[in-house]
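A note on names: the letters A, B, ... follow the listed sequences, proteins ahead of strands, and every chain is numbered from 1.
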There are 2 protein chains.
Amino acid sequence: MVRGDAREEVLLPAALKLFARHGVSGTSLQMIADELGVSKAAVYHHHHTKESIVLAVLWPAFEQVAALVERVGSLPAGGARRRALVEGLAEQAVTHRQLYAVMLRDVAVPALVASEPRLAAPFAVLRRELQPDHEPATAPLRVAMFLAGLVAPAGDPEIAQLSDEQLRRGIVDVGERLLDLG
Amino acid sequence: MVRGDAREEVLLPAALKLFARHGVSGTSLQMIADELGVSKAAVYHHHHTKESIVLAVLWPAFEQVAALVERVGSLPAGGARRRALVEGLAEQAVTHRQLYAVMLRDVAVPALVASEPRLAAPFAVLRRELQPDHEPATAPLRVAMFLAGLVAPAGDPEIAQLSDEQLRRGIVDVGERLLDLG
DNA sequence: GTCTATATAAAGATAGAC
DNA sequence: GTCTATCTTTATATAGAC
């Protein structure tokens with residue numbers, strides 16, 4: 001570890017790594033500073049609160065989801081749009097495994113989302129758009145189980161060994177089975 | 001809240017409620033004491049460490065999984081056994097939603113499991129037994145996505161409204177789709 | 001079996017020197 | 001832009017009175 005570098009492009013990945021391993025609540029600014037080889041004060045120079053760091057780390061993930069939802073809006077509603085959402089989510093979740101794991105799994109995130117209305121909107125749309133047309137009662141359950149399963153790779157060492165392509169295809173396959181893709 | 005009651009049968013449900021809402025790392029002994037209406041010292045009279053409380057809260061869930069795995073051992077290996085596991089897990093996860101959510105979702109739990117080998121064994125067996133026979137590459141992924149999805153109800157208010165029976169059937173349905181039940 | 005009070009460490013956060 | 005030093009609060013944990 002090279003000492004004395006708390007630039008944004010180094011700080012945020014370090015924080016993400018710790019959030020993924022210990023959770024947001026289980027990660028202190030001291031741990032982030034140690035990971036970077038700097039003092040806590042150096043971290044505070046870039047972000048005046050811990051919440052600011054959490055938000056900066058997660059923001060790109062929420063933006064990606066929002067962009068995906070926006071992008072598939074031009075497709076016909078129904079199976080085709082659901083398939084595009086599933087494929088897009090699989091691609092993003094595989095490419096940014098830790099980021100999506102924190103966003104979808106960490107119990108501290110709902111509170112953050114509640115404090116930032118801009119974060120909530122994309123997921124509300126996503127959940128609605130992913131629902132199969134029939135099976136009204138259990139459709140939300142299928143969507144929730146798919147989204148929860150999306151981050152299954154995070155903790156499992158056996159799955160961590162899968163290639164991006166294997167994992168992406170596996171996730172899409174599960175999406176097909178749960179969400180009646182067209 | 002009646003004041004002055006930190007008996008085990010009151011303490012553990014209160015702790016579980018807080019663990020489910022704020023995560024294990026996000027829950028302090030002060031929060032537990034406040035929830036019970038007693039002082040921190042009263043809590044420490046029953047459990048000398050926080051880890052002791054976490055273990056006492058989660059132990060029944062791990063025991064249930066172990067008992068389930070043990071119970072299905074008499075069934076023929078394969079689809080029939082997988083179905084029994086899925087039905088048993090669905091039943092337990094629905095009945096003890098918060099407990100299973102903490103056990104399967106909280107990032108602090110893997111560290112706890114690592115420190116208590118007796119906790120790890122049942123899940124290793126469970127994961128192995130749940131795997132469909134074919135599809136060797138993505139079978140562990142299907143299992144992991146099912147287990148992660150098992151606790152999807154925890155955070156979603158829309159799903160929290162489902163009855164136990166609706167939820168149980170929905171989970172079994174997803175298990176059927178992912179795990180090639182016989 | 002609970003309380004108040006306290007010890008000790010670590011948390012989030014700031015001030016001011018370099 | 002980072003440092004040391006410090007502040008304040010909160011964390012885990014203990015001692016001893018009731």
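The number of heavy atoms from other shown groups lying within 6.0 Å of CD (A:Glu51) does not exceed 12.
Under the 4.0 Å criterion applied to side-chain N and carboxylate O atoms, B:Asp164 and B:Arg97 are assigned as salt-bridge partners. Between A:Arg177 and A:Asp173, at least one side-chain nitrogen of the basic residue sits less than 4.0 Å from a carboxylate oxygen of the acidic one, meeting the salt-bridge criterion. A salt bridge between B:Arg82 and B:Glu129 is absent, with no side-chain N of the basic residue lying under 4.0 Å from a carboxylate O of the acidic one. Salt bridge status for A:Arg105 with B:Asp106: absent, with no side-chain N to carboxylate O gap under 4.0 Å.
If you measure from atom NE2 of A:His46 to atom C1' of C:dT14, you get 16 Å, rounded to the nearest angstrom. In this entry the distance linking NE2 of A:His47 with P of C:dG12 reads 14 Å, nearest Å. Distance A:His22 NE2 to C:dA11 P: 12 Å, rounded to the nearest Å.
Between the side chains of A:Thr138 and A:Glu135, a donor-acceptor pair is found at a separation under 3.5 Å.
Taking 4.0 angstrom as the limit, A:His45 places none of its side-chain polar atoms (N or O) nearer than this to OP1 or OP2 of D:dC3.
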What is the per-nucleotide protein-contact pattern of nucleotides 4-18 of chain D, from the 5' end, where B denotes a base atom under 4.0 Å from a protein heavy atom, S denotes such proximity for sugar-phosphate atoms only, and - denotes neither?
B------SBBBB---

